[in-house]
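Here is the structure we will look at, set down as structure tokens.
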Amino acid sequence: MTGVYVIGAVSTSFGKRPEDSIKALTREVYLQVMQDADAITASEIESCWFGNCGMWTDQQGSIRGQVALTPLVREGLFPERVPVTNVEGGCATASMAFNGACKDIMSGTTDVSLALGVEKTYFPDNPEKTNLLYCGGIDQYDPQEWEEYYRNAGAEAGKAFEPAPDRTIFMDTYAMQASYHMKRYGTTAEQIAVAAAKNHCYGALNPRAQYRFKMTAQEVLADRPVTAPLTRAMCAPVGDGAAAALLVSEKVFKRLPGSVQARAVRVAATTLSGGKYRTLEEPGLSKFAARKAYAQAGIRPADIDVAEVHDATSFCEIYQSEMLEFCDEGEGGAFIESGATGPGGQLPINTSGGLVSKGHPVGATGLSMIAELTEQLRREAGARQVDGARYALAENGGGVMGFDEAACSVIILEAN
């Protein structure tokens, strides 16, 4: 199989952007990624993988990418007759689009492929649309199955399953997982707050982040409670945005100007795993995706220099540090508290600010991780830069199946 290189990777600013339509966000990120790729013209794009979760709430279901790209085709900015594959997998949607674009190239059928994710989750005049979008991430056919699962798990976790209308059900599931981890391993709310504060401080350095203010762990703990042990500052906000990556084959890479080659990063691994209704004692699906990724890349967890993980709540950074084998199981809280994942630490995580600060427009999130890590490997991250980074890992989960996500992506990139 041919090698795959990222030559363009960008993200729009994330935030509450009610004035910007899906088509406007698609245009913005597409023009940005083509400018970032520089040496590739639009006519060379042979396939597009388009990620989105919520357009169906506007009655736009089946041909989302084709519709979003139509104005660009009409204006001659995006080539005619290019196949557009629509992808949806909850919060892992954009990573799935990236995976599909990679496979197009790895198969040898395509030399240039575009992965694009775009989402609107903020509707100030119709908040019910936001709730509808999120409800797509959990089984709506047999809700009694997960209701019973969570009731039983609540007794074991020491936190009853008590959803409320002022938050999504996903915050309750994360809070239950955090409570179980605290009960089993002695993890503390203060350690979760350290993760959140670190990411808010990183986000303050990211011009694309939805939240650009620093916080201390004490301020995180004192913020408005969502559901114990989580406070608002530990939870990803609602917002809009888009992200994209342009991928090329090794054949195309070799003919590019040296200046473009120097900024390219190699895709060392791209893997997916599926969720199930696991027991609380079983490892999560990200562990399986990560082990496949390490094997595919031919490296070990200790070789990773910088990572972006899916912190829909800040507890997730603790948990994913364990699942990705950056530390031993049960030691994630102490690992974060030690400063290992912060500036100058052993393994900086979520230098973008993570979902809690950068923002989380679900269908764009995974590709925004790729944009951040590409910037890191290019040595272009400014005040967020991790010195000497060679290998970067992105972990992105989507949907909910008990205490698993329904889908998980782990991608490893290597500096050129």
Which atom names give the shortest non-hydrogen contact between [X] and [Y], and what distance separates them?
X	Y	value
Leu133	Thr121	CD1-CG2, 4.1 Å
Leu230	Cys235	CB-SG, 4.1 Å
Pro163	Asp172	CA-OD2, 3.6 Å
Val306	Leu347	N-CD1, 3.5 Å
Cys91	Gly397	CB-O, 3.1 Å
Ile105	Gly3	CG2-O, 4.0 Å

Kindly state each residue pair satisfying ring pair (Phe, Tyr, Trp, His ring centres under 6.0 Å) with at least one member in [range], sequence neighbours excluded.
range	answer
residues 357-392	His310-His360
residues 257-307	Tyr149-Tyr277
residues 209-249	His200-Phe213, Tyr211-Phe213

Taking side-chain contact (heavy atoms from CB on, under 4.5 Å) as the test, write out the residues that go with [X], two or more places apart.
X	result
Arg378	Asp36, Arg263, Thr374, Glu380
Ser95	Asn396, Ser409, Ile411
Thr168	Tyr134, Phe170, Met171
Ser259	Pro257

Would a 4.5 Å heavy-atom cut-off, applied to side chains only, mark [X] and [Y] as touching?
X	Y	value
Asp104	Trp49	yes
Thr231	Leu221	no
Tyr174	Tyr319	no
Ile318	Glu322	yes
Leu247	Ile7	no
Lys292	Val410	no
Tyr202	Ser357	no
Glu395	Glu308	no

Would you please indicate yes or no on a ring centroid separation below 6.0 angstrom for Phe78 and Tyr30?
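Judged by ring-centre distance (under 6.0 Å), Tyr30 and Phe78 do meet the cut-off.
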Sort and list the pairs that fulfil salt bridge (Lys or Arg N to Asp or Glu O under 4.0 Å) and have at least one residue in [range], not counting sequence neighbours.
range	result
residues 275-285	Lys276-Glu282, Arg278-Asp404
residues 127-138	Asp58-Lys129
residues 24-34	Arg17-Glu28, Arg27-Glu75

N/O donor-acceptor pair under 3.5 Å between [X] side chain and [Y] backbone:
X	Y	answer
Asp223	Val220	no
Gln66	Val84	yes
Gln35	Leu31	no
Glu337	Val194	no
Gln261	Leu256	yes
Arg212	Gln210	no
Lys183	Glu156	yes
Glu119	Cys53	yes
Asp305	Ala392	no
Ser314	Ala195	no

Side chains of [X] and [Y], donor plus acceptor under 3.5 Å:
X	Y	value
Thr227	Lys159	yes
Ser368	Lys358	yes
Glu88	Asn52	no
His181	Gln191	no
Ser352	Asn206	no
Glu44	Thr41	yes
Glu317	Thr341	yes

Just do the side chain to side chain contact (heavy atoms under 4.5 Å, CB included) check on Phe253 and Asn416 with the steps written out, would you?
CA-CA 11 Å; Phe253 170 77; Asn416 185 32; 3.6 Å; yes
Go through the structure and list residues passing salt bridge (charged side-chain N to carboxylate O under 4.0 Å, His left out) with Glu372, not counting sequence neighbours.
Arg208, Arg384
Partners meeting side chain to side chain donor-acceptor pair (under 3.5 Å) with Ser249 (sequence neighbours left out):
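Checked Ser249 against side chain to side chain donor-acceptor pair (under 3.5 Å); matches are Asp111.
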If you apply the rule side chain to side chain contact (heavy atoms under 4.5 Å, CB included), what do you find for Trp146 with Thr173, and how did you get there?
CA-CA 10 Å; Trp146 49 261; Thr173 68; over 6 Å; no
After noting the C-alpha distance and the side-chain angles of Thr271 and Gln296, does the key distance pass the side chain to side chain donor-acceptor pair (under 3.5 Å) rule?
CA-CA 9 Å; Thr271 65; Gln296 195 176 110; over 6 Å; no
Would Val118 and Thr12 count as a side chain to side chain contact (heavy atoms under 4.5 Å, CB included) if you check the C-alpha gap in whole Å, the side-chain angles of each, and the deciding distance to 0.1 Å?
CA-CA 10 Å; Val118 59; Thr12 68; over 6 Å; no
Full working for side chain to side chain contact (heavy atoms under 4.5 Å, CB included) between Val356 and Thr313:
CA-CA 7 Å; Val356 298; Thr313 73; 5.8 Å; no
How long is the gap from CD on Gln320 to CG on Leu393, to the nearest 0.5 Å?
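Answer rounded to 0.5 Å: 10.0 Å.
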Could you point out which residue of Leu116, Val10, Val6, Ile45 forms a side chain to side chain contact (heavy atoms under 4.5 Å, CB included) with Leu246?
Ile45
With salt bridge (Lys or Arg N to Asp or Glu O under 4.0 Å) as the test, would you mind laying out the steps for Asp240 and Lys120 before giving the verdict?
CA-CA 4 Å; Asp240 312 320; Lys120 290 187 66 64; 3.2 Å; yes
